[in-house]
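Take a look at the structure below.
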Amino acid sequence: MPLQHVPSLRHSYPTLHKLSGYFVVSLSTLLALTGILFPTYNLSHSHPNIFHVHTWTVGAPSHNFPLLAWPTFALLSHLLGLVVLFLAAQTLLSGLYYHRGAHTHRAWTTALTYWSYAIPVQRVWLGVSQGFGLILSLITSEPVREWLGVPKSETGVWEAELATFAWATSMAVLWATWMIAGEVWLPSATVQKRKVL
């Protein structure tokens with residue numbers, strides 16, 4: 001996928017670029033379909049209720065407050081799958097009509113690349129989140145553990161694990177959106193602004 005973005009390869013080997021582009025779009029489509037179908041058939045590690053909202057609450061049990069809230073892994077997986085399907089279609093269509101605008105094709109391709117990278121980025125965030133959970137589990141002071149919401153029971157640990165999986169996916173989606181904003185949307189807005197001035 002990264003080689004698709006190298007200008008010298010695109011210009012020197014257009015047929016290779018086109019064929020590898022079809023291959024990338026095909027793999028992205030397969031990735032998107034698994035992202036949609038796995039949670040549908042309960043083959044993913046997610047809360048049973050797709051619309052459940054995970055929260056991390058802190059404070060004393062009598063008056064704690066939610067510090068953070070995020071959706072389930074299944075909901076985010078569906079979202080990722082649908083967005084990647086849409087971006088794969090747009091990448092393919094803009095490639096077929098490349099003569100109408102190379103910038104449009106590159107923008108769709110860049111967006112597809114970042115959203116497809118959300119899965120490996122999710123794994124990185126999962127490692128960071130589990131490291132944070134390990135640090136929390138090493139805290140021995142019971143009042144501090146209670147204030148931070150460290151789970152005490154096996155059920156609580158299971159729920160925290162599901163929440164961590166969903167949290168890592170939320171961070172990957174935010175990362176992909178941030179990267180696309182920095183590479184596609186913001187530069188386009190800057191170019192449009194310069195044309196007006």
Short side-chain to backbone donor-acceptor contact, [X] and [Y], under 3.5 Å:
| X | Y | value |
| --- | --- | --- |
| Trp70 | Ala163 | yes |
| Ser77 | Ala74 | no |
| Arg145 | Ile139 | yes |
| Ser94 | Thr91 | yes |

inquiry  = Running the 4.5 Å side-chain criterion over Ile, Leu, Val, Met, Phe, Trp and Tyr, what cluster does Leu27 land in, apart from itself?
reply    =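 Traced through the cluster, Leu27 reaches Phe23.
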Please tell me if the side chains of [X] and [Y] come closer than 4.5 Å, counting only heavy atoms from C-beta onward.
| X | Y | result |
| --- | --- | --- |
| Thr29 | Leu85 | yes |
| Val53 | Thr72 | no |
| His78 | Pro39 | yes |
| Leu87 | Ser28 | no |
| Tyr114 | Glu183 | yes |

task = Run the ring-centre check on Phe86 versus Trp115 and record whether the distance is less than 6.0 Å.
result =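 No, the ring centres sit 6.0 Å or more apart.
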According to a 4.5 Å side-chain heavy-atom criterion applied to Ile, Leu, Val, Met, Phe, Trp and Tyr, with indirect links allowed, do [X] and [Y] form part of one hydrophobic cluster?
| X | Y | value |
| --- | --- | --- |
| Leu75 | Val173 | no |
| Ile50 | Leu76 | no |
| Leu33 | Leu31 | no |
| Trp175 | Leu126 | no |
| Trp56 | Val144 | yes |

Working for side chain to side chain contact (heavy atoms under 4.5 Å, CB included), residues Leu134 and Ser137 = CA-CA 5 Å; Leu134 176 64; Ser137 71; 3.8 Å; yes
Residues Leu148, Leu136; criterion side chain to side chain contact (heavy atoms under 4.5 Å, CB included); working and verdict = CA-CA 8 Å; Leu148 289 173; Leu136 285 179; 3.6 Å; yes
Could you tell me which non-hydrogen atom of [X] sits nearest to which non-hydrogen atom of [Y], and how far apart they are?
| X | Y | answer |
| --- | --- | --- |
| Pro151 | Gly156 | CB-C, 3.4 Å |
| Thr164 | Ser129 | CG2-CB, 3.4 Å |
| His54 | Ala166 | CD2-CB, 3.6 Å |
| Leu112 | Ala88 | CD1-N, 3.8 Å |
| Val84 | Ser116 | CG1-OG, 4.2 Å |

Among Trp167, Phe38, Phe165, Trp125, ring-ring contact (aromatic ring centres under 6.0 Å, His included) partner for Phe73 =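 Exactly one candidate clears the test, Phe165.
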ask   = Got more than 12 heavy atoms from elsewhere within 6.0 Å of CD, Glu142?
value =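 For Glu142, atom CD is crowded (more than 12 foreign heavy atoms under 6.0 Å).
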ask   = So, Gln122 and Thr169: side-chain donor and acceptor under 3.5 Å apart, yes or no?
value =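 Gln122 vs Thr169: donor-acceptor pair found between side chains.
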key: Glu159-His47 side chain donor-acceptor pair, cut-off 3.5 Å   =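 Result is no, nothing qualifies.
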Nearest-0.5 Å distance that lies between atom NE2 in His103 and atom OG1 in Thr110 =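 The distance works out to 9.0 Å.
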key: Reported CG-to-CE distance for the pair Leu174 and Met179, which is rounded to 0.5 angstrom   =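 It comes to 13.5 Å.
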ask   = How are the rings of His105 and His17 set relative to one another: parallel (under 30°), tilted (30 to 60°) or perpendicular (over 60°)?
value =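 Rings of His105 and His17: perpendicular, as their planes differ by over 60°.
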